[in-house]
Trainee: 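A single structure is presented below for examination.
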Amino acid sequence: MVLADLGRKITSALRSLSNATIINEEVLNAMLKEVCAALLEADVNIKLVKQLRENVKSAIDLEEMASGLNKRRMIQHSVFKELVKLVDPGVKAWTPTKGKNNVIMFVGLQGSGKTTTCSKLAYYYQRKGWKTCLICADTFRAGAFDQLKQNATKARIPFYGSYTEMDPVVIAAEGVEKFKSENFEIIIVDTSGRHKQEDSLFEEMLQVSNAVQPDNIVYVMDASIGQACEAQAKAFKDKVDIASVIVTKLDGHAKGGGALSAVAATKSPIIFIGTGEHIDDFEPFKTQPFISKLLGMGDIEGLIDKVNELKLDDNEELIDKLKHGQFTLRDMYEQFQNIMKMGPFGQIMVSGWIHTLCVCVCVCVCVLGLGLQCITDCFLGLFQGMIPGFGTDFMSKGNEQESMARLKKLMTIMDSMNDQELDNKDGAKLFSKAPNRIQRVARGAGVAPRDVQELLTQYTKFAQMVKKMGGIKGLFKGGDMSKNVNPSQMAKLNQQMAKMMDPRVLHHMGGMAGLQSMMRQFQQGAAGNMKGMMGFNNM
Ligand code: GDP
Ligand code: MG
């Protein structure tokens with residue numbers, strides 16, 4: 001995706017600041033030139049790019065600033081702020097109300113991705129526990145109802161439509177009435193798009209809108225038309241009361257920068273983006289996290305949401321076991337499943353040797369009930385810009401698939417283990433006592449014995465960590481760690497973490513001192529350091 005490229009280029013331009021011995025006008029200009037070139041290449045409007053450059057320059061007074069470090073931070077921060085501005089319409093997006101009927105109507109040109117996106121949105125809310133349904137009010141396009149029906153059936157979402165009724169207004173009204181009476185919370189109405197912005201389309205849109213009185217009208221915009229998005233979004237906005245925008249096809253060759261910045265310029269908040277044809281290829285869009293993610297800083301809020309969704313701290317049985325320092329191969333298997341559930345995010349984190357850390361997040365920390373937010377924040381803080389390959393490859397699909405495959409392989413190996421091995425208090429010992437077990441598992445999983453050995457080594461590290469952590473009093477009380485753990489216990493915990501980590505990671509963090517500072521942040525909790533992290537303080 002072109003946006004991933006953009007992120008990489010801007011990050012590299014910003015890094016050039018850290019490499020420069022002194023920050024002067026020349027260095028600043030060179031960096032800004034690079035940033036602007038990258039934005040233009042991503043199709044962002046030239047006027048907006050110029051504005052960005054001027055804003056950064058006027059915010060930075062090199063003479064006034066004292067130390068080099070401060071300058072770097074201020075400049076990076078200022079660029080970040082301006083990038084956020086590019087995609088931020090400055091309008092709060094509509095959100096549905098739980099326990100109430102929320103009618104959402106989709107509009108947009110034919111082929112923009114309405115029907116696909118309706119299904120994605122329905123699926124998104126359904127997974128979050130909302131009572132969700134779909135209505136097909138497109139009688140213009142042949143096969144429109146079948147398309148929606150197929151998507152809805154696949155995702156087990158109730159739907160409404162008709163093969164015989166030709167009036168979209170009638171279908172929409174009937175469907176909404178039916179689902180309202182059945183207390184559906186999210187009622188999504190798909191409409192026809194026609195081929196171009198013609199009067200009959202707008203007329204139909206208005207009639208459907210009047211009939212169903214939507215709480216939110218979503219305008220679906222195809223990113224492949226780039227900057228032309230602005231004019232098109234404006235044309236629709238003039239006719240109906242569009243409250244939000246979803247930009248689709250950001251996965252393709254579209255230079256997403258054009259669409260995203262153009263739509264933001266219409267003062268319509270983008271609420272989601274579509275990144276593929278599959279029902280899962282859909283992400284909530286929030287300006288700050290989006291830019292953080294683009295620059296490889298991690299989508300902190302997104303990760304927190306995902307970790308929270310897992311409800312890890314509800315798992316009392318596991319917490320009890322951990323308290324007693326027990327951690328079996330099956331526990332590790334279950335944590336891997338959790339990572340898989342986290343979707344692309346988790347999967348990316350598992351890539352390569354980041355793996356150790358990720359599982360460290362999921363197993364040793366989240367599950368221990370230490371307050372999920374601060375943990376995820378801290379670990380992301382540590383990821384930001386520091387771990388090669390994490391930030392820059394954030395959006396590339398290949399990397400995602402590779403990490404997924406890696407995790408699956410580990411799980412396949414564990415699938416070939418028997419209950420005794422999985423549930424043993426010291427699974428690795430069982431294997432070292434009887435090496436033929438390794439042979440058996442390797443054969444069963446179709447991998448080399450070395451792979452099994454590697455998995456066991458990894459497991460041993462985790463198990464040791466859990467054991468040591470189990471010995472730290474107060475750690476398992478849950479809630480706010482800073483209230484439960486005293487400084488000497490904290491120091492112990494730091495040492496344990498250091499031992500767990502890949503030496504390369506530790507090195508990148510600035511060794512033991514870096515780790516300690518991270519753990520301090522960790523103790524202070526999420527709210528405080530979230531902003532700091534957004535502000536590049538780790539770059
Ligand atoms: P509609 O006419 O507005 O209802 O558009 P459809 O939902 O039928 O989508 C038109 C085409 O765009 C279909 O082939 C979809 O699979 C495809 N499509 C929709 N959203 C995305 C997306 O985010 N990424 C990609 N690559 N294709 C998409
Ligand atoms: Mg359609």
Side-chain angles (χ1 to χ4, degrees), residues 1-15 17 28 31-32 34-60 72-93 223 227 229-230 244-247 250 255-273 283-305 377 380-381 384-385 391-392 394-395 527 529-539:
M1 153 167 173
V2 182
L3 281 178
D5 253 6
L6 171 65
R8 228 188 321 270
K9 284 180 192 152
I10 296 180
T11 309
S12 124
L14 290 172
R15 285 242 173 84
L17 288 181
L28 176 63
M31 186 276 294
L32 278 175
E34 241 181 278
V35 171
C36 292
L39 288 168
L40 288 174
E41 216 174 302
D43 193 34
V44 176
N45 184 305
I46 187 159
K47 269 194 221 139
L48 295 176
V49 176
K50 258 174 106 178
Q51 191 69 54
L52 177 139
R53 181 208 207 102
E54 275 157 29
N55 289 352
V56 173
K57 286 198 78 162
S58 65
I60 303 298
R72 288 186 183 95
R73 275 206 197 152
M74 299 269 290
I75 295 171
Q76 287 166 339
H77 194 93
S78 166
V79 172
F80 181 82
K81 237 176 65 191
E82 291 300 322
L83 287 171
V84 170
K85 259 202 227 162
L86 276 185
V87 292
D88 190 353
V91 181
K92 221 174 159 269
Q227 290 182 34
C229 281
E230 187 175 345
S244 24
V245 178
I246 297 182
V247 179
L250 274 168
K255 294 186 171 181
L260 291 173
S261 52
V263 173
T266 68
K267 300 261 175 281
S268 305
I270 299 163
I271 52 169
F272 285 89
I273 53 175
E283 296 168 26
F285 182 85
K286 288 184 195 142
T287 50
Q288 281 219 357
F290 178 80
I291 296 294
S292 309
K293 188 171 159 181
L294 188 69
L295 300 184
M297 297 158 71
D299 172 4
I300 295 173
E301 278 182 49
L303 182 63
I304 291 174
D305 281 352
D377 276 4
L380 269 173
Q384 286 164 15
T392 46
F394 197 81
M395 282 178 165
N529 64 39
M530 181 131 161
K531 275 205 195 79
M533 283 176 179
M534 293 290 205
F536 285 86
N537 54 1
N538 286 316
M539 275 187 75

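Given the structure is predicted, the values throughout are model-derived calculations rather than measurements.
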Trainee: Run the side chain to side chain donor-acceptor pair (under 3.5 Å) test against E34 and tell me which residues pass, sequence neighbours left out.
Mentor: none
Trainee: For L40, what residues pass the side chain to side chain contact (heavy atoms under 4.5 Å, CB included) criterion, not counting sequence neighbours?
Mentor: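 I46, V49.
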Trainee: List the steps and the verdict of side-chain contact (heavy atoms from CB on, under 4.5 Å) for L39 and L83.
Mentor: CA-CA 10 Å; L39 288 168; L83 287 171; 3.9 Å; yes
Trainee: With D43, which residues qualify under side chain to side chain donor-acceptor pair (under 3.5 Å), at least two apart?
Mentor: Q227
Trainee: For S244, enumerate each residue passing the side chain to side chain donor-acceptor pair (under 3.5 Å) test, keeping only those at least two apart in sequence or located in another chain.
Mentor: N216
Trainee: With sequence neighbours excluded, tell me which residues meet side chain to side chain donor-acceptor pair (under 3.5 Å) with E230.
Mentor: K234
Trainee: If the test is side-chain contact (heavy atoms from CB on, under 4.5 Å), which one of L260, V245, I246 qualifies with I273?
Mentor: L260
Trainee: Write down the atom of A13, the atom of M31, and the distance for their closest heavy-atom approach.
Mentor: O-CG, 3.2 Å
Trainee: Going by the salt bridge (charged side-chain N to carboxylate O under 4.0 Å, His left out) test, which pairs reach into residues 83-92, not counting sequence neighbours?
Mentor: E82-K85
Trainee: Rounded to the nearest 0.5 Å, how far apart are OG1 of T266 and CD1 of I270?
Mentor: 8.0 Å
Trainee: Heavy atoms, side chains only, cut-off 4.5 Å: are P89 and S268 in contact?
Mentor: no
Trainee: Please identify each residue that fulfils ring pair (Phe, Tyr, Trp, His ring centres under 6.0 Å) with F285, with sequence neighbours left out.
Mentor: F290
Trainee: Under the salt bridge (Lys or Arg N to Asp or Glu O under 4.0 Å) test, which residues partner K57, sequence neighbours left out?
Mentor: E25
Trainee: Nearest 0.5 angstrom please: T11 OG1 to L6 CG, how far?
Mentor: 8.5 Å
Trainee: Just verifying a value: how many Å separate N45 CG and K50 NZ, rounded to the nearest 0.5 Å?
Mentor: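 Those atoms lie 11.0 Å apart.
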Trainee: Sequence neighbours excluded, which residues qualify as side chain to side chain contact (heavy atoms under 4.5 Å, CB included) partners of A259?
Mentor: A223, C229, V247
Trainee: As an exercise, state the distance from SG of C36 to CG of L48, rounded to the nearest 0.5 Å.
Mentor: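 The CG atom of L48 is 11.0 Å from SG of C36, to the nearest 0.5 Å.
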Trainee: Could you tell me whether the side chain of L86 reaches within less than 4.5 Å of the side chain of I291, counting heavy atoms only?
Mentor: no
Trainee: To the nearest 0.5 Å, tell me how far R53 CZ sits from S58 OG.
Mentor: 13.0 Å
Trainee: Checking side-chain contact (heavy atoms from CB on, under 4.5 Å) for the pair I75/L28: CA distance, chi angles, key distance, verdict?
Mentor: CA-CA 8 Å; I75 295 171; L28 176 63; 3.7 Å; yes
Trainee: Indicate yes or no: at least one non-hydrogen side-chain atom of V44 is less than 4.5 angstrom from one of L52.
Mentor: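 V44 does not reach L52 side chain to side chain.
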Trainee: Look up atom CD in Q76 and atom CD1 in I10, then write down how far apart they are to the nearest 0.5 Å.
Mentor: 12.5 Å
